[in-house]
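One structure is given here, and the rest of the page talks about it.
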Amino acid sequence: MKGKKIKGLAKIMYKKSLKDEIVNLASVSVILKEIVSQKPHGLKNILKNYKHLIEAKIASEELIVETAQKTKDIEKMEKELLSKTGARRIKYKIAPKLIFGLKITHGDFVYDATLDSKLKQLTTDN
Amino acid sequence: MSILEDIQKQIDRTKLSPTAKNVGKITEVGDGVARVSGLSDVSSSEIISFSPSGPEAHQTGGNNIKGLALNLEEDAVGVIIFGDWTRLKEGDSVETTGNILEIPVGDTLIGRVIDALGRPIDGKGAINAKDSYPAEKIAPGVVFRESVNTPLQAGLKAIDSMIPIGRGQRELIIGDRGLGKTAICVDTIINQKGQNVICIYVAIGQKTSKIAKVVDTLNKYRAMDHTIVVSASAADSATMQYVAPYAGCAIGEYFMDQGKDALVIYDDLSKHAWAYRQISLLLGRPSGREAYPGDIFYLHSRLLERAAKMAKEYGGGSLTALPIIETQAGDLSAYIPTNVISITDGQIYLETDLFNAGIRPAVNPGLSVSRVGGAAQTKMMKKVAGSLRLDLAQYRELATFAQFGSDLDEATQKRLERGKRIVEVLKQPQYKPMDASSQVVILWAVNNGYLDNVPVEEISSTEEKILTLLATNKKLKDHLDKNKEMDDFAEKELERMMKTVGVRIEKPATTESTEGQTKTLKKSRQGKSVSSVVARKPKSITRKRTKR
């Protein structure tokens with residue numbers, strides 16, 4: 001099977017595994033079982049493409065908020081953050097490496113207001 | 001104290017606002033090209049910053065590898081990498097910078113050798129350029145331009161007389177390898193001394209030794225004082241070779257915008273096309289004729305379109321482009337040569353046969369043209385060069401026939417003799433560019449038949465004699481330099497000068513018969529015998545040939 005067909009098939013699988021524009025884990029497992037049982041040509045590549053699409057979708061649904069210490073204030077802004085970014089849920093992480101401040105990751109966008117990044121900015125050429 | 005101040009300054013300068021970045025991950029990397037997932041917000045030809053991971057990267061100081069986003073696909077981005085791609089791995093993080101490719105420009109660059117990104121490589125320390133120009137820029141529109149009207153003297157008789165180049169023109173130099181394409185350009189650069197032209201020599205895919213030689217020559221003739229060398233040698237990545245001409249052009253545009261005149265030499269664009277072909281094939285773009293991508297024409301047309309002569313109200317600066325194309329076995333109809341010929345305002349075609357016959361510069365006057373340069377030629381040059389091309393063309397035609405024919409009439413023989421002398425006069429040694437007035441004087445002499453009596457072997461020495469005499473005749477030289485016109489005074493003075501040198505006209509020239517010439521004819525009697533000896537020569541040659 002050629003690249004284009006593989007990509008097309010992965011896309012169809014991806015669309016079928018969405019429910020209300022959210023990745024539905026139940027349908028994902030059904031689709032996976034079906035495709036593995038059928039064993040089409042280039043299965044590995046199809047699965048690779050499919051994984052890539054699902055991962056990107058999940059990343060866009062999720063908001064990762066990283067702070068150096070546990071803070072309560074951030075949870076107040078939860079609603080606003082979700083409505084502004086269009087994400088479905090928020091994951092909190094504690095990373096002492098950031099020293100101070102906050103870092104929000106949404107899909108492939110990163111909003112960084114930590115002391116760590118500021119120090120890094122100082123060390124680069126610009 | 002000073003170190004502390006320095007640090008303080010640097011801290012003050014840095015913007016420490018929260019950053020919004022668009023990040024991605026490398027999915028594939030190799031051969032100077034990477035495919036990156038993520039980066040949904042990247043724009044075409046945006047600079048991408050790579051952060052190599054692992055202990056090695058930590059040691060070497062982290063993320064100073066940059067790339068250029070070229071292919072924006074549905075779920076991936078194709079990036080070409082400047083620098084050491086071997087340090088990058090699959091899974092390394094990548095982020096956008098929000099900047100497009102910019103080249104530092106400014107007067108501080110003059111006399112320096114830089115790489116395609118504007119970094120100095122001549123070991124003379126940092127360049128403090130205040131400005132930067134985008135590498136890719138849309139060429140100035142019709143409103144901003146005016147037609148070419150000022151000559152750019154190459155300093156070579158063959159070029160300035162028959163294929164004149166104007167400031168703001170694009171003149172292609174085309175020929176096989178080793179025919180002196182670079183030599184013409186180097187001579188042109190040397191000749192720009194004191195002409196208020198900033199020269200930018202862009203070496204693309206050249207041997208580093210050759211680039212070093214060019215820089216050395218320019219230094220030797222003190223031409224680096226008005227020259228910038230942009231070097232992307234064969235050892236540099238295809239990415240650098242691809243960017244180099246745009247960088248050179250951006251630097252030239254800076255000077256043009258300052259109202260100055262700039263000359264950019266792209267040496268050479270066939271290697272640029274190869275570099276772009278490599279990049280395109282690695283990025284997986286569909287290939288067309290000779291495996292070049294579909295936009296190979298636009299690659300060169302958008303570069304050469306940026307050469308312009310700006311209108312006075314927009315500064316009046318100019319950017320002249322001299323692209324070089326290397327042909328394979330003289331094949332002008334290959335893909336890249338035809339493309340660039342159609343883009344440029346003319347071409348200087350160098351030929352192997354001429355080169356081997358000792359005619360250097362080996363310019364073929366039949367196939368070389370300048371479509372707009374004529375308008376920029378000075379009046380005096382126009383006057384002397386007008387008949388030159390025709391005479392030479394006729395000579396070429398006759399010379400081929402004369403090889404077969406046995407007896408030739410006198411008129412034909414005259415033409416052949418004149419042609420031989422024109423060819424001899426148009427020869428010029430390397431690194432010896434000539435100013436316009438000297439060129440005009442020599443061409444005037446040969447055109448008016450003053451050199452017809454001089455044996456071909458003695459032409460160069462006679463030429464030298466005339467030039468030394470011209471150097472002493474300040475009145476005439478200043479007159480020619482100032483008025484740039486061949487008027488009665490100049491002609492009379494020249495006639496007098498020719499007498500001093502000892503050259504005389506045997507007969508009035510067929511093209512231009514003036515009273516002055518007929519007078520000198522009457523006076524000259526010795527010339528006849530010499531010319532008849534010279535004229536007999538071809539006969540004897542042809543007889544020998546027919547016997548065989």
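None of the values given here were measured: they were computed from a predicted structure. Atom set for the values below is all heavy atoms of this structure, side chains included, hydrogens, waters and symmetry mates excluded.
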Hey, is NZ on A:K7 packed in by over 12 heavy atoms from elsewhere, all under 6.0 Å? no
Does the side chain of B:T19 reach to within under 4.5 Å of the side chain of A:K118, using non-hydrogen atoms? no
Hey, can you pull the donor-acceptor pairs under 3.5 Å for the side chains in residues 13-23 of chain A, sequence neighbours left out?
{"residue": "A:S17", "atom": "OG", "partner": "A:M13", "partner atom": "O", "Å": "3.0"}
{"residue": "A:S17", "atom": "OG", "partner": "A:Y14", "partner atom": "O", "Å": "2.8"}
{"residue": "A:S17", "atom": "OG", "partner": "A:Y50", "partner atom": "OH", "Å": "3.2"}

Taking everything shown except A:Y92 itself, do over 12 heavy atoms lie less than 6.0 Å from its OH? yes
Can you name the residues of residues 95-111 of chain A that have some heavy atom under 4.5 Å away from a heavy atom in chain B? A:D108, A:F109, A:V110, A:Y111
Using every non-hydrogen atom in the two residues, find where B:D75 and A:H52 come nearest and quote the distance to one decimal. O-NE2, 3.8 Å
Counting only heavy atoms not in A:Q69, do more than 12 sit closer than 6.0 Å to its CD atom? no
So does B:K137 have more than 12 non-hydrogen atoms from other groups sitting under 6.0 Å from NZ? yes
Chain B contact via A:K11 - which portion, at a heavy-atom distance below 4.5 Å: side chain
